[in-house]
Amino acid sequence: MFDGTPCHTLYVKNLNDKIKKIELTRQLYAMFSTYGMVLDIMVSKAPKLRGQAFITYKDISDAANALKRMQGFPFYEKAMMISFAKRESHVITQAKKYVPPKDERTLAKETNAKLAAKKKPAGDEEEPAATIYVENLPDEANESMLNLLFSQFPGFKKSRPIPAGGKAFVEFADPGAATSAKDALQGFKVTPDRPIKLTYAKN
DNA sequence: AGCACA
């Protein structure tokens, strides 16, 4: 088909390019909107685009009808030459994006997740703190060993091992610094079988 | 003659 494959947008050329952009747009709208809802009209004075217009309809059938009816129509002493645009306009492609419906399992999962989140609001959701609580350390872990581990991180202040407990507090300048260290060392194996566990200290 | 907009 010489007009191209049907499309929501009409490509109009051979327009009188001496007409001001706003006026052209307004006149085109007046005529073309009589065939159906026009979503957008684009005219440009750019060298490559002068004398042309893109007219986008909500419905393809209206676009097709307008094309047929307006083809060759004299407009400011020039016959309009109309075809379907090569590509759909963005207004159309954006609106066409298909959102797959959620199946029941997905919905149930989401509902459960929401309910669970409500049950324990601040429960095991960690509140960032400047001090980290370290667990699963070897019993013999002491301050200098902890310093060795944590002082490589910016903002490190001091380590406070809990005597003989395999646990320690490590202080940082602020929660941000503590977070970097915590994330970096999470699960770090001090000995081959001992991943340490890091959480924020509770105030 | 010439097909853009995000």
Side-chain angles (χ1 to χ4, degrees), chain A residues 1-118 121-122 124-128 154-155 174-184 186 200:
Chain A
M1 188 184 283
F2 71 94
D3 282 328
T5 20
C7 176
H8 289 76
T9 301
L10 298 180
Y11 172 66
V12 186
K13 61 178 183 176
N14 197 40
L15 293 167
N16 188 327
D17 61 11
K18 287 176 211 69
I19 311 303
K20 289 195 301 291
K21 184 173 149 181
I22 355 99
E23 190 186 345
L24 196 55
T25 309
R26 199 171 290 146
Q27 296 306 323
L28 286 169
Y29 184 81
M31 294 186 302
F32 282 86
S33 63
T34 62
Y35 297 98
M37 180 183 277
V38 171
L39 296 182
D40 192 32
I41 295 186
M42 209 229 91
V43 301
S44 168
K45 286 290 188 181
K48 200 181 161 196
L49 290 169
R50 54 192 307 113
Q52 300 151 81
F54 295 89
I55 303 173
T56 306
Y57 282 90
K58 180 158 171 292
D59 297 307
I60 276 195
S61 55
D62 292 336
N65 190 232
L67 185 154
K68 215 184 288 174
R69 304 288 298 275
M70 297 299 287
Q71 189 63 275
F73 191 87
F75 186 51
Y76 292 113
E77 346 301 341
K78 300 189 77 178
M80 286 196 285
M81 305 191 53
I82 313 175
S83 54
F84 292 112
K86 282 191 186 143
R87 303 171 48 77
E88 287 285 18
S89 299
H90 291 320
V91 242
I92 299 301
T93 50
Q94 293 307 110
K96 268 192 183 162
K97 272 184 189 158
Y98 176 63
V99 181
K102 288 174 183 170
D103 61 31
E104 285 184 28
R105 276 185 57 250
T106 313
L107 283 174
K109 233 191 244 171
E110 287 180 1
T111 310
N112 287 339
K114 262 179 212 163
L115 289 176
K118 253 181 201 161
D124 47 21
E125 203 48 50
E126 285 198 277
E127 186 73 21
D174 54 75
T179 301
S180 309
K182 173 175 169 288
D183 291 347
Q186 191 63 271
Y200 296 111

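Within every chain, numbering begins at 1; the chains are lettered A, B, ... in the order of the sequence lines, protein sequences first and strands thereafter.
- Side-chain proximity of A:Met42 to B:dG2, B:dC5, B:dC3: nearest is B:dC5.
- The residue A:Ser89 sits close to a base: some heavy atom pair falls under 4.0 Å.
- Here the C1' atom of nucleotide B:dA4 and the CD1 atom of A:Ile92 are 14 Å apart, to the nearest Å.
- For A:Lys13 and B:dC3, the NZ to C1' distance is 10 Å, given to the nearest whole Å.
- A:Asn14 comes within 4.0 angstrom of a nucleotide base, judged by non-hydrogen atoms across all strands.
- Considering only heavy atoms from C-beta on, A:Tyr57 comes within 4.5 Å of A:Leu10 through its side chain.
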Kindly determine whether A:Tyr11 and A:Phe84 satisfy ring pair (Phe, Tyr, Trp, His ring centres under 6.0 Å), including the steps that lead there.
-> CA-CA 5 Å; A:Tyr11 172 66; A:Phe84 292 112; over 10 Å; no
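- Here the closest non-hydrogen pair linking A:Tyr76 and A:Asn16 is O-ND2, 3.1 Å.
- Map A:Thr9 and A:Asp17 each onto its nearest nucleotide of DNA chain B; the residue landing nearer the 5' end is A:Asp17.
- With rounding to whole Å, A:Arg87 atom CZ is found 13 Å from B:dC3 atom P.
- Between A:Lys48 and B:dA4 there is a side-chain polar atom (N or O) within less than 4.0 angstrom of OP1 or OP2.
- Nearest to the side chain of A:Ser83, among B:dC3, B:dA6, B:dG2, sits B:dC3.
- For A:Asp3 and B:dC3, the CG to C1' distance is 14 Å, given to the nearest whole Å.
- Distance, A:Leu15 CG to B:dA4 P: 16 Å, rounded to whole Å.
- Shortest non-hydrogen contact noted between A:Gly51 and A:Asp17 is N-CB, 3.9 Å.
- For the pair A:Phe54 and B:dC3, the ring geometry does not qualify as stacking, because the centroid separation below 5.5 Å and plane angle under 30° are not jointly satisfied.
- What separates CG of A:Leu39 from C1' of B:dA4 is a distance of 16 Å, to the nearest Å.
- Here the P atom of nucleotide B:dC5 and the CD atom of A:Gln94 are 14 Å apart, to the nearest Å.
- Atom-to-atom distance recorded for A:Asp40:CG and A:Ile92:CD1 is 9.0 Å, nearest 0.5 angstrom.
- Rounded to whole angstrom, the span from the CD atom of A:Glu88 across to the C1' atom of B:dC3 amounts to 13 Å.
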